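Following: one structure in structure tokens, then a few remarks.
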Amino acid sequence: SEVEIKLRTIEDDVDSFVLLATDGLFDVMTSQEVVSFVHQVLDSTPTEHQDESRRNIAKAVTEEALRRGSGDNVTVLVIWLHGEVKDTT
């Protein structure tokens, strides 16, 4: 398998996380599908449960890859670029 390395500048107002994963994830999901999946999970989570969802998102992504039929090992690490979600209500 080919190693994919990209150099990107982090934009604070746009980027919220960095996701590192083994090829078992990318065998069944594109990078954009992974980003969309993470945002979909977070957007469907009430604000008071956002921190818990963020803590468990790597597991959710891994389970989604397995659900989609990945036959390889799947390891996912999510690095959040901003602190905990604040409830503004």
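Keep in mind that this is a model prediction, so the values were computed, not measured.
The distance from the CG atom of Leu42 to the CZ atom of Phe17 is 7.5 Å, given to the nearest 0.5 Å. Considering CG of Leu25 and CG of Leu66, their distance stands at 9.5 Å, rounded to 0.5 Å. Rounded to the nearest 0.5 Å, atoms CG (Asp23) and OG (Ser70) are 8.0 Å apart. Distance check: Leu19 CG to Trp80 CH2 gives 9.0 Å after rounding to the nearest 0.5 Å. Interatomic distance, CZ of Arg54 versus OG1 of Thr45, reported as 11.5 Å (0.5 Å rounding). Interatomic distance, CD1 of Ile79 versus CG of Leu20, reported as 5.0 Å (0.5 Å rounding).
Side-chain atoms of Leu81 and Ile10, non-hydrogen and from C-beta on, do get closer than 4.5 Å to each other.
Nearest heavy atoms, Thr22 versus Val74: OG1-CA, 3.5 Å. Pairing each heavy atom of Val76 with each of Ala21, the nearest pair is CG2-CB, 4.2 Å. For the pair Ser16 and His39, the tightest heavy-atom approach, listed with the atom from each and the gap, is OG-CE1, 4.0 Å. Across every non-hydrogen atom of Val28 and Gly69, the tightest pair is CG1-C, 4.1 Å.
Between the side chains of Gln40 and Ser44, no donor N or O sits under 3.5 Å from an acceptor N or O.
Under a 3.5 Å cut-off, the side chain of Thr62 and the backbone N or O of Thr75 do not form any donor-acceptor pair.
When the ring pair (Phe, Tyr, Trp, His ring centres under 6.0 Å) test is applied to His49, no partner is found at least two apart in sequence or on another chain.
Residue pairs satisfying the salt bridge (Lys or Arg N to Asp or Glu O under 4.0 Å) criterion with at least one member in residues 67-77, sequence neighbours excluded, are listed as follows: Glu33-Arg68, Glu64-Arg67, Glu64-Arg68.
Val35 and Phe26 fall within the same hydrophobic cluster, where Ile, Leu, Val, Met, Phe, Trp and Tyr residues are linked whenever their side-chain heavy atoms come under 4.5 Å apart, directly or through other members.
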